[in-house]
Amino acid sequence: MRAFCLWIVLSAILFGVPTQAQQADSFRTWSVFGGGPDNIHYSSLDQINRDNVHSLEVAWTFDSGDQHAKSEMECNPIVVDGVLYATTPNGDVVALDAATGGLRWRYDATGGLKNIGKVRNRGVAYWSDGTDRRIFAAHGL
């Protein structure tokens, strides 16, 4: 047990522990399900708080136009660099301006076919290696 604890301390020293400022910066976006890789559903943004939450109003809405009775959407939209990425009830992927709700692009995952059965929909994922950036979505008919 003692060796294990020593290994953790040495690892923290050798590989670095993020500072409080670095940790706060990592909670200012929502680029993966649950907000971040730790899935804690937390944001350090503080513009909305207990004192002003009661005065919030709807800023915008988006109607995908493809809802159907058997849709089982369980999608957590993500936001990357001011763009909200989400899936629609039919499984399409949309990119919306997060500030205005304006449609930037839409990917038709079914090639124009309409789903008539159950479509379970879990959303999208974001990946980047620093130069290349991608949005991933799984879809099955």
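Values reported hereafter were calculated over all heavy atoms of this structure, with side chains retained and with hydrogens, waters and symmetry mates removed.
Distance check, rounded to the nearest 0.5 Å: CD of Q47 to CG of N52 gives 8.0 Å. Note that the CD1 atom of I135 and the CD1 atom of I78 stand 4.5 Å from one another [nearest 0.5 Å]. Rounding to the nearest 0.5 angstrom, the gap separating the OG atom in S64 from the CG atom in N90 is 8.5 Å. Note: F62 CZ to L84 CG = 10.0 Å, rounded to the nearest 0.5 Å.
Closest approach of G91 and A109 over heavy atoms only: O-CB, 3.3 Å. For L96 against G101, the heavy-atom pair with the smallest separation is CD2-O, 3.9 Å.
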side-chain contact (heavy atoms from CB on, under 4.5 Å) between F136 and V124, worked out: CA-CA 6 Å; F136 291 95; V124 297; over 6 Å; no
Carefully, step by step, assess D92 and T87 under the rule side-chain contact (heavy atoms from CB on, under 4.5 Å). CA-CA 5 Å; D92 294 355; T87 51; over 6 Å; no
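V53 shares a hydrophobic cluster with I48, L56; the chain of contacts runs through ILVMFWY side chains whose heavy atoms sit under 4.5 Å apart.
Taking the side-chain contact (heavy atoms from CB on, under 4.5 Å) definition, one finds that S128 meets it with Y126, R133, sequence neighbours left out. When the salt bridge (Lys or Arg N to Asp or Glu O under 4.0 Å) test is applied to D66, the partners found at least two apart in sequence or on another chain are R106. Not a single salt bridge (Lys or Arg N to Asp or Glu O under 4.0 Å) links R50 to another residue, sequence neighbours left out. D132 is linked by a salt bridge (Lys or Arg N to Asp or Glu O under 4.0 Å) to R134, counting only residues two or more places apart in sequence or in another chain. For A95, the side-chain contact (heavy atoms from CB on, under 4.5 Å) partners at least two apart in sequence or on another chain are V83, Y85, R104, W105.
A donor-acceptor pair shorter than 3.5 Å cannot be found between the side chains of D63 and T61.
Side-chain heavy atoms closer than 4.5 Å link hydrophobic residues (I, L, V, M, F, W, Y) into clusters, and following such links, even through other members, never connects W127 to V93.
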